[in-house]
Structure formats: structure tokens, C-alpha cells
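Worksheet: the structure to be examined is printed underneath.
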There are 2 protein chains.
Amino acid sequence: MNSDAYQITWLIRRLFRAMSQRSGEHLTDLGITLADRAVLEFLYPEQTLSVPEIAERYQVSRQHIQVTVNHLLDMRLLTGKDNPRHKRSPLLHLTKKGFNLFEKVLQRDQTLIDAAFAKIPNTDQKMTRQTLETLLHNLS
Amino acid sequence: MNSDAYQITWLIRRLFRAMSQRSGEHLTDLGITLADRAVLEFLYPEQTLSVPEIAERYQVSRQHIQVTVNHLLDMRLLTGKDNPRHKRSPLLHLTKKGFNLFEKVLQRDQTLIDAAFAKIPNTDQKMTRQTLETLLHNLS
DNA sequence: GTACCATTGACAAGTTAATTGTCATTATAG
DNA sequence: CTATAATGACAATTAACTTGTCAATGGTAC
């Protein structure tokens, strides 16, 4: 009931909310939303993926990614190039503008992350990362 | 950029989504939402809190908690008793029905959690928990 | 005790990140 | 070459929030 395992799941929920709040603050003035950010992250630094591929990896509906991608295309943060596997579904990748913008996002995040992780030993960070990776794998 | 710290923040976002999906599945047929669940969790097992207190702890607007609490009151999962500190704002606590329902939620979660954490050593779990706790503290 | 500011609950409208459903169009596979 | 699957576009809906406003009441300072 009050096991470490249960507490970890609780902490993940709280951390997600706290992070969204902090992160959202410095996303707004760059003109993008958290959904946009997620898509950019999948394509950074030089992935090329189609809309259905992103949807599958992010585990959301392709319609949702479609809307987000269209928004990013409008903003010229993405472009599409011919998909050899499907002529109607372009392979998306970051434009220079999109790349630069996402680097700025990462940079701002890094400042927050550095502060939050400052006093946590590297070994602990590594183990935490491994544990969470296993967890995500087990849940997917 | 690809540091453990950054990866951890990414993993938290992915895990939150994966957990919500799994958890949401077994919440619907109990007639409650994730927001309801969060409120129940704050009052479990026998906390007594007012609406504004829950809102402050959960870091959301009191209006949102008000709506959620009203829903839970309608479902007779909560009741209020007199608040010595404020006559218009009752102290909320779980009814027997609410307590039982949340135990069922915990039980179902536990099954999932057991499976997800099965192969992760206890020491790793403890360290992960501590790291995430520190992290949440630093972000709040 | 009364005037005053803060707190609360109730209501309304808007937002974000998603969903499901449907459609026409176009691809790909048999 | 035809059937079926995949894609993009559009619409309506949902969950979980937000901000803003209001009236009623509560606690407090005088």
C-alpha cells in the first residue's frame, strides 16, 4: 500500500504536473504548446517520421498528431519530403527554424533541470533512469 | 542534452501517459475520473481537508476541486463535517463507500504495479523513490 | 457591535490535449 | 484492375483544467 513501488507511481503523477507547469511557462512565449513540443522532440535532432508513425510512437490518435503537425508546418518549424513507402504521407523533419527553436526549448529546460538535479549524485541519477526505463518498457 | 537528468524528465512524461492510460481503463467502470481519484487519494485513508486545502496541496484552482468534490458528494463517496476554522467550508472525508471504492482502486493498481516492478530490485526502487522525492521537492 | 476585507461556493465561459467518428481520396496488394 | 487499407481533413465530444465574476457569509479590527 505504502510501498516504494506505489509511492513511485504517485511521484510520477505529481512530477508530471509540476514539470508541465514549469515547462509550459517558457513554451508559451515561443508560440508552441506542449503537444507541439512532444512532436518536435520526436523529430529532434534529425529523425524523419510520418504522421501515423509519430502517433504510434507517442501512443495517441493519428488525428491529434495530424492537427499538431499541420500547426507546426504552418509555423515553418517542420517540412515534409517524399515518403518512399507512401506517396500521400510525407516524411516530416525539422526545418532549421524548428531545430533552432527546439534547441532553445532544450536550453531553457536544462536550466530548470540543472537546478532540480543539482544535489542528486550521478550514480543515483543513472539508477533512477534505468529503473524508469524498465518501468516504461513493462507498461508498454 | 542526452544526460540522465534530461532522460529522466522525458521518462516521467512518457510514464505519466502510460500510467494514465492503464489506470483510466479500470477507473471508468467504477464511475470515477482521474480527477476524482486524485481527490480521493488526498483523503485516503482518513484525512479531513476542506476544498481550498485540497486545491492548495494539489496545486490547482479551488474551483476545479469544488466541482470534483461536489461530484463525489453526489456519489456519496465523501461527506463533510463542521470545520472549526470556517463554518462555510466543511472538512471533507471519505464515507465507508468512498473508502471501500478507493481500496478497490488501490487493489487494481497494485496488480499493475506488481507486474511493472516485478524485476526491479528493492534497493533500486528505494533509491528511485528518494530521487523522485527530492526532485519533486526541488520543483515545488 | 458594526463596518470591512477575505474566504468560500456557485456559476459561466474558455483552453489544452486529447478522443471518436466519418468522409473522400489515394495507395498498395492481390 | 479491383478491393481494401492508409491517409488527411473535418466535426463533434471529452477530461481536466483555467480565469473571471458574483453573492453570501465569515473572521477581524476598531
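In what follows, chains carry the letters A, B, and so on, assigned in the order in which the sequence lines appear, proteins first and then strands, with residues in each chain numbered from 1.
Side-chain proximity of A:Ala35 to the nucleotides C:dA17, C:dG9, D:dT18 is greatest for C:dA17. The A:Gln63 side chain lies nearest to C:dT22 when the options are D:dG8, D:dT18, C:dT22. Proximity note for A:Ser89 (side chain, C-beta onward) versus C:dT19, D:dG8, C:dA17: the nearest is D:dG8. Ranking C:dT8, D:dC17, D:dG8 by closeness to the A:Arg62 side chain, first place goes to D:dG8. Among D:dA16, C:dG9, C:dT19, the nucleotide with an atom closest to any side-chain atom of A:Ser61 is C:dT19. Side-chain proximity of B:Asn70 to the nucleotides C:dA10, D:dT18, D:dT7 is greatest for C:dA10. Picking from D:dC17, C:dT8, C:dA17 the nucleotide with the shortest atom distance to the side chain of B:Val60 gives D:dC17. Of the candidates D:dA9, C:dT8, C:dA18, D:dA9 carries the atom nearest the A:Gln66 side chain, counting heavy atoms from C-beta on.
Atoms CD (B:Gln21) and P (D:dA16) sit 13 Å apart, rounded to a whole Å. Atom CD in B:Glu56 sits roughly 13 Å away from atom C1' in C:dT7 (whole-Å rounding). Rounded to whole Å, atom P of C:dT16 lies 15 Å from atom OH of A:Tyr58. Note: NE2 (B:His71) to C1' (D:dC17) measures 16 Å, nearest angstrom. Straight-line distance from the CD1 atom of B:Ile65 to the P atom of C:dT7: 18 Å, rounded to whole Å. For A:Asp36 and C:dA17, the CG to P distance is 8 Å, given to the nearest whole Å. Between the CG atom of A:Asp74 and the P atom of D:dA9 there is a distance of 10 Å, given to the nearest Å. Distance, A:Arg17 CZ to C:dA17 C1': 14 Å, rounded to whole Å.
Note on A:Arg13 versus B:Glu41: salt bridge recorded, some NZ/NE/NH1/NH2 to OD/OE distance being below 4.0 Å.
B:Arg22 places a side-chain N or O within 3.5 Å of a backbone atom of A:Leu139 that can act as its donor or acceptor partner.
Cation-pi contact between A:Arg17 and B:Tyr58: present, with separation from the ring centre below 6.0 Å and deviation from the ring axis of at most 45°.
When heavy atoms are screened at a 4.0 angstrom cut-off, A:Val51 is found touching the sugar-phosphate backbone but no base atom.
A residue-by-residue look at A:Asn83 and A:Val67 shows that A:Asn83 has its nearest nucleotide of DNA chain D further toward the 5' end.
Contact between the side-chain N/O atoms of A:Thr33 and the OP1/OP2 oxygens of C:dA17 is found at a separation under 4.0 Å.
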- Evaluate side chain to side chain donor-acceptor pair (under 3.5 Å) for B:Asp114 paired with B:Thr111, printing each intermediate quantity in order. CA-CA 5 Å; B:Asp114 285 346; B:Thr111 312; 6.0 Å; no
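Classified by interplanar angle (parallel below 30°, tilted 30° to 60°, perpendicular above 60°), the ring pair A:Tyr44/A:Phe102 is tilted.
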